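Below is one structure, written out as structure tokens; the observations come after it.
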Protein chains: 2
Amino acid sequence: MKQQLVFKALADGTRRDILRVLRSGSKSAGELSEEFSITKASLSHHLALLLSAELVRRERRGQQLIYSLNSSVAEEVMAILFGLFSHKEDS
Amino acid sequence: MKQQLVFKALADGTRRDILRVLRSGSKSAGELSEEFSITKASLSHHLALLLSAELVRRERRGQQLIYSLNSSVAEEVMAILFGLFSHKEDS
DNA sequence: TAGATATTTAGACTATTATCTAAATATCTA
DNA sequence: TAGATATTTAGATAATAGTCTAAATATCTA
């Protein structure tokens with residue numbers, strides 16, 4: 001996991017919102033775009049960043065590209081946060 | 001806690017490094033600056049962002065300003081990540 | 001209180017990022 | 001295969017962010 005990519009990806013509110021929307025189930029790019037007031041092109045840009053951070057997965061279903069959460073990376077992020085904030089002598 | 005401030009603060013590698021350095025104990029701005037190759041002014045800028053996100057605390061000791069971790073915010077961040085990545089029907 | 005030390009603030013510059021429109025690519029179906 | 005649909009990519013633009021130097025502020029001490 002590339003730490004810098006993950007934290008940059010999480011830094012944007014729209015991208016965090018995308019993750020929240022995907023909590024209720026996988027969605028195509030088009031379905032996702034209905035939830036946001038930005039253009040499909042901008043949304044695609046955000047999805048590309050989430051993908052490169054491996055926070056979401058993508059698979060093609062016919063003409064559609066379906067996006068879904070990749071929860072395993074969340075666990076890694078939390079492990080890093082534990083590392084950032086736990087005092088050294090504590091553990 | 002202001003989510004946007006926290007995630008923006010964590011998005012920069014230097015700031016994450018500052019948090020890591022502070023794991024081994026509180027440090028003054030000057031002591032911190034010895035660990036980094038940027039100017040004191042730039043470091044001060046990063047510390048201001050970490051402060052505004054409440055990821056660190058600051059107290060004055062004479063001429064020095066001492067910075068230390070604020071671990072409780074880390075727990076909040078992790079709770080948010082759980083929220084972002086856990087599937088809705090799971091819980 | 002004057003000078004030294006510690007740190008921040010102000011202002012400028014450059015790089016990165018979020019957004020848009022227009023064009024390109026991929027897939028399906030008649 | 002032509003046209004329609006779904007999505008991404010390219011290129012441009014405006015806002016944001018990281019860094020620097022120089023100046024300002026706060027505290028200590030002789």
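Nothing here was measured: the structure is a model prediction, and the numbers come from that model. In what follows, every chain begins at residue 1, and chains take the letters A, B, ... in the order their sequences are listed.
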Shared ILVMFWY cluster between A:V56 and A:I38, side chains joined below 4.5 angstrom?
yes
ILVMFWY network linking A:V73 to B:L10, side-chain heavy atoms under 4.5 angstrom
yes
Establish, from distance only, whether the side-chain atoms of B:N70 and B:S68 form a donor-acceptor pair under 3.5 Å.
no
Less than 3.5 Å apart, any donor N or O on the side chain of A:H46 or A:R15 sitting next to an acceptor on the other?
yes
Calculate the interatomic distance between A:K8 atom NZ and D:dT16 atom C1'; express it in whole Å.
10 Å
For B:S28 and B:I66, indicate whether the former's side chain and the latter's backbone hold a donor-acceptor pair under 3.5 Å.
no
What is the nucleic acid contact for [X], judged by heavy atoms within less than 4.0 Å: base, sugar-phosphate only, or nothing?
| X | value |
| --- | --- |
| B:S28 | sugar-phosphate |
| A:L32 | nothing |
| B:L43 | nothing |
| B:R61 | nothing |
| B:A41 | base |
| A:H46 | sugar-phosphate |

At a heavy-atom distance below 4.0 Å, which nucleotide of DNA chain C is the first touched by chain B, and which is the last?
C:dT5 to C:dT9
Look up atom [atom1] in [X] and atom [atom2] in [Y], then write down how far apart they are to the nearest 0.5 Å.
| X | Y | atom1 | atom2 | answer |
| --- | --- | --- | --- | --- |
| A:Y67 | A:L50 | OH | CG | 9.0 Å |
| B:L43 | B:T14 | CG | OG1 | 8.5 Å |
| B:M1 | B:I80 | CE | CD1 | 3.0 Å |

Minimum heavy-atom distance B:R16-A:L84, with the two atoms named:
O-CD2, 3.5 Å
Once Watson-Crick and G-U wobble pairs under 3.5 Å are found, how is DNA chain D written in dot-bracket notation, 5' to 3', with | for any base paired to another strand?
||||||||||||||||||||||||||||||
Could you check A:S42 against A:Q63 and say which one's nearest nucleotide on DNA chain C is further toward the 5' end?
A:S42
